[in-house]
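The chain is numbered in sequence order, starting from 1.
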Amino acid sequence: ADANFLLTFFQDEGIIREQSANLREEIRDLKTKLEAEKQDHAKTSQELEELKCLHETFKTDTSEQIQKLAEIVQHLTGE
């Protein structure tokens with residue numbers, strides 16, 4: 001009976017160790033994936049900010065061009 005108990009105990013311990021190792025590996029993989037996602041997010045956020053700056057620049061440029069065209073039209077029409 002004691003031998004069976006010890007055999008079962010060591011088998012269970014081996015299974016538990018294997019499951020623990022698998023979980024540690026899964027945690028490492030998830031941490032790696034999380035870090036990659038964080039880097040991707042940072043890159044996307046930076047690109048978004050650059051696009052916002054370009055948009056503001058184009059809005060300003062367009063507004064200035066409209067103002068210049070309005071002045072030319074006024075000058076040409078004599079108004």
Side-chain angles (χ1 to χ4, degrees):
D2 288 340
N4 282 340
F5 171 77
L6 287 175
L7 182 59
T8 302
F9 174 79
F10 287 122
Q11 286 174 340
D12 289 347
E13 185 179 15
I15 291 169
I16 291 169
R17 286 180 187 274
E18 183 179 340
Q19 289 174 340
S20 179
N22 290 341
L23 288 172
R24 283 193 302 274
E25 182 178 345
E26 189 175 340
I27 289 169
R28 276 193 304 272
D29 290 346
L30 288 172
K31 284 181 178 180
T32 300
K33 289 177 183 177
L34 176 61
E35 189 58 37
E37 286 293 329
K38 284 180 178 180
Q39 289 177 4
D40 188 46
H41 177 73
K43 181 180 175 185
T44 302
S45 294
Q46 181 180 355
E47 289 171 349
L48 178 60
E49 286 304 313
E50 290 171 4
L51 287 172
K52 284 180 181 179
C53 288
L54 282 173
H55 178 70
E56 285 301 316
T57 300
F58 287 139
K59 277 182 17 182
T60 302
D61 289 350
T62 301
S63 177
E64 289 172 358
Q65 289 174 357
I66 289 171
Q67 182 63 33
K68 288 177 185 175
L69 286 173
E71 290 171 5
I72 292 170
V73 168
Q74 280 181 338
H75 178 74
L76 292 174
T77 58
E79 296 179 9

Which pairs would a plain distance check flag for residues 22-38, meaning a side-chain donor or acceptor within less than 3.5 Å of a matching protein atom at least two apart in sequence or in another chain?
| unit_1 | atom_1 | unit_2 | atom_2 | d |
| --- | --- | --- | --- | --- |
| N22 | ND2 | E18 | O | 3.4 |
| R24 | NH1 | S20 | OG | 2.7 |
| T32 | OG1 | R28 | O | 3.0 |

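With rounding to the nearest 0.5 Å, the separation of NE2 in H55 from CG in L48 is 11.5 Å. Atoms NZ and CD1, on K68 and I66 in that order, are 12.5 Å from each other to the nearest 0.5 Å.
In this structure, L76 belongs to a hydrophobic cluster whose other members, linked by side-chain heavy atoms under 4.5 Å apart, are I72.
Here salt bridge (charged side-chain N to carboxylate O under 4.0 Å, His left out) pairs that include residues 39-66, with residues two or more places apart or in two chains, are E49-K52, E56-K59.
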